Amino acid sequence: DVKVTQSSRYLVKRTGEKVFLECVQDMDHENMFWYRQDPGLGLRLIYFSYDVKMKEKGDIPEGYSVSREKKERFSLILESASTNQTSMYLCASSLQQGASETQYFGPGTRLLVL
Amino acid sequence: GNSVTQMEGPVTLSEEAFLTINCTYTATGYPSLFWYVQYPGEGLQLLLKATKADDKGSNKGFEATYRKETTSFHLEKGSVQVSDSAVYFCALSVQGAQKLVFGQGTRLTINP
């Protein structure tokens, strides 16, 4: 079974702090994704990566950056956390590019910014 | 642009009731369609998918048929169980777009 793990289930940070969310997948997947999940809005894509050191902006990249130095690891960075970034963050991976590819999700990190 | 519209929730049913969660989409090209489920405290997992018109995806007693003429992918189950309580997301992916577009999610609660 594919396993996608996220470094924390819950995080509490202060406004202005730099926040790192880590994601690791163990199945040699090419693609990795970061989403945020908010009630009534579903999941919205922040960034994705289709190869090491490659990244593409999603629908809501403002205020976020990402890093993919190794194939199995994809980090989401909040350079200066703000209260409107309080949300559930979900990481996902997929084996390769293609519209029919299944994405495999981690358990999520619930971030509260005070 | 590409978008997915799901039935408003929350939905509350009794055990053994029939379930339908409506999903319609707008897409350029020919999308693949998915239903993902999120159980309490967990991430999303694929429930079923269909990659072309008239395909039926099925899993765990759930079914959905890709209807190109009505741009729909409604989720159905004949007899729900308490363990089906979760949030259900309809999603699409278009070739070349490399990403999923999700509906807003429908929270389902099944009472014994």
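Bear in mind that the values here come from a model prediction, so they are computed numbers and not experimental data. Just the heavy atoms: all of them, side chains too, but no hydrogens, waters or symmetry mates, feed the values below. Below, chains carry the letters A, B, ... as their sequence lines are ordered, and counting in each starts from 1.
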Measure B:Y36 against the heavy atoms of chain A and call it side chain, backbone, both or neither at under 4.5 Å.
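Just its side chain gets close to chain A.
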Chain A heavy atoms under 4.5 Å from B:Q38: which part of the residue, side chain, backbone, both or neither?
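Side chain only.
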If hydrophobic clusters are built from ILVMFWY residues whose side chains come within less than 4.5 Å, do [X] and [Y] share one?
| X | Y | result |
| --- | --- | --- |
| A:I60 | A:L78 | yes |
| B:L33 | B:W35 | yes |
| A:V52 | A:L95 | no |
| B:M7 | B:V37 | yes |
| A:M88 | A:L111 | no |

Any chance you could pull the hydrophobic cluster mates of B:F18, using side-chain heavy atoms under 4.5 angstrom and chaining through other members?
none
pair B:L100-A:L45: side-chain heavy atoms closer than 4.5 Å:
no
Are B:K99 and A:D59 packed together at the side-chain level, in the sense that at least one heavy-atom pair is separated by less than 4.5 angstrom?
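Side chain of B:K99 against side chain of A:D59, heavy atoms only: contact under 4.5 Å found.
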Using only atom types and a distance under 3.5 Å, with no angle test, would you say the side chain of A:R44 pairs donor to acceptor with the backbone of B:V101?
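Looks like no, no N/O pair under 3.5 Å.
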Between A:Y104 and B:L44 (side chain of the first, backbone of the second, donor and acceptor by atom type, cut-off under 3.5 Å), is there such a pair?
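It does not hold such a pair.
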A:E101 side, atom CD; B:S32 side, atom OG - distance, nearest 0.5 Å
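One gets 9.5 Å once the value is rounded to the nearest 0.5 Å.
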How long is the gap from CD on B:Q104 to CG on A:L41, to the nearest 0.5 Å?
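Reported to 0.5 Å precision, the distance equals 9.0 Å.
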Over all heavy atoms of both residues, which pair between B:E42 and A:R9 is shortest? Give the atoms and the distance, please.
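Closest approach of B:E42 to A:R9: N-NH2, 4.5 Å.
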Step through the shown structure and confirm whether more than 12 heavy atoms of other residues, nucleotides or ligands are within 6.0 Å of OH on B:Y39.
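Counting other residues, nucleotides and ligands, OH of B:Y39 exceeds 12 neighbours.
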Might you confirm whether atom CD of B:E16 has over 12 heavy atoms from other residues, nucleotides or ligands at distances under 6.0 Å?
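No, CD of B:E16 has 12 or fewer neighbouring heavy atoms, counting only those of other groups under 6.0 Å.
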Under a 4.5 Å heavy-atom cut-off, does chain B meet the side chain of [X], its backbone, both or neither?
| X | value |
| --- | --- |
| A:Y35 | side chain |
| A:Q37 | side chain |
| A:L90 | side chain |

